[in-house]
Amino acid sequence: MKLKSSIPAAIALAALLSAPLLQAGPGAPNFGPGVYADGVAWGSKGTTGLPAPTDANLQSFDILYAFTNSNNPEGQLAVAEAAPGNRDYNGGRWFTHSVEWTEAGFLAHGIVPVLKSEADIVLHEDLGHLVVTPGSFPEGPPVYFQCPLLPVKP
């Protein structure tokens, strides 16, 4: 299966994929699925941009993996490095990393799997199926922001 690259299509898809995370305005909770972490879907409580950290406080941010492309019709949510209940969770302070499926990933899977944990991302990155780049992309989430994760409610 050969995929054609389309920057406008990728940007539109990226905006769609990051929309659940950004649906709620600052302070407004969104209890619908917006982020996967540790294999579980989480909601969010809006976003507040933060200044770039210093060397002294970089460890107080968790990584949020935001996908720029996917061909899975189930939809790929952003994936967080940690979530509430995980001792490494920093309360919802995020450093965005852009994630892109490679041609090798599409060829290996056909329809790519929905990834739900950092372990999934590391596995596929090690296989050459993903490229992970620190920072965001146009129309993606802010590079550094605060957005606590909330339990999904039916």
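Residues: numbered from 1 along the sequence shown.
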### Query
Going by the angle between their ring planes, with limits at 30° and 60°, are W101 and F106 parallel, tilted or perpendicular?
tilted
### Task
Take atom CD of Q59 as the centre, draw a 6.0 Å sphere, and report whether it contains more than 12 heavy atoms from other residues, nucleotides or ligands.
yes
### Summary
Nearest heavy-atom contact between C147 and S44 is SG-CB, 3.4 Å
### Query
Is a donor on one side and an acceptor on the other found under 3.5 Å between the side chain of N86 and the backbone of D88?
yes
### Query
Can you name the closest pair of heavy atoms from A80 and L149 and give their distance?
CB-CD1, 4.3 Å
### Query
Between the side chain of D62 and the main-chain N/O of A82, is any donor-acceptor distance below 3.5 Å?
no
### Single-linkage hydrophobic cluster, 4.5 Å side-chain cutoff, V35 and F31 together
no
### Query
For D38 and E81, which heavy atoms make the closest approach, and how far apart are they?
OD1-O, 4.1 Å
### Query
Counting N and O atoms only, with roles assigned by atom type, does the side chain of N30 sit under 3.5 Å from a partner on the main chain of G43, one being a donor and the other an acceptor?
no
### Query
Can T54 and N57 be counted as having a side-chain donor-acceptor contact under 3.5 angstrom?
yes
### Query
Hey, is the main chain of L64 close enough, under 3.5 Å, to the side chain of T96 for a donor-acceptor pair?
no
### Query
Aromatic rings H109 and H129: how do their planes relate, parallel, tilted or perpendicular, breaks at 30° and 60°?
perpendicular
#### Entry: Partners meeting side-chain hydrogen bond (donor to acceptor under 3.5 Å, both in side chains) with Y65 (sequence neighbours left out)
E118
### Task
Determine the minimum heavy-atom distance between V143 and S136, stating which atoms define it.
CG2-N, 3.8 Å
### Query
Are the side chain of S117 and the backbone N or O of G39 linked by a donor-acceptor pair below 3.5 Å?
no
### Message
For G128, is there any backbone N or O sitting under 3.5 Å from a side-chain donor or acceptor partner on T102?
### Response
yes
### Message
Looking at every non-hydrogen atom in both residues, tell me the closest pair between F61 and P53 and how far apart they are.
### Response
CE1-CB, 3.6 Å
### Query
In terms of hydrophobic clusters joined by side-chain contacts under 4.5 Å, are I121 and F95 together?
no
### Query
Same cluster or not: are L115 and V132 linked, directly or through other Ile, Leu, Val, Met, Phe, Trp or Tyr residues, by side-chain heavy atoms under 4.5 angstrom apart?
yes
### Task
Quick one: pull up CG in N71 and CD in Q76 and give me the separation to the nearest 0.5 Å.
11.0 Å
### T47 OG1 to L50 CG distance, which is reported to the nearest 0.5 Å
9.5 Å
### Query
Where is the tightest heavy-atom contact between W42 and A37, given as atom of each residue plus distance?
NE1-O, 3.7 Å
### Summary
Taken to the nearest 0.5 Å, the spacing of Q146 CD from T48 OG1 works out to 6.0 Å
### Message
Is there a path of hydrophobic side-chain contacts, each under 4.5 Å between heavy atoms, that joins V114 and V99?
### Response
yes
### Task
Flag yes if V112 and V79 sit in one hydrophobic cluster, no otherwise; membership is Ile, Leu, Val, Met, Phe, Trp, Tyr, and two members link when side-chain heavy atoms are under 4.5 Å apart.
yes
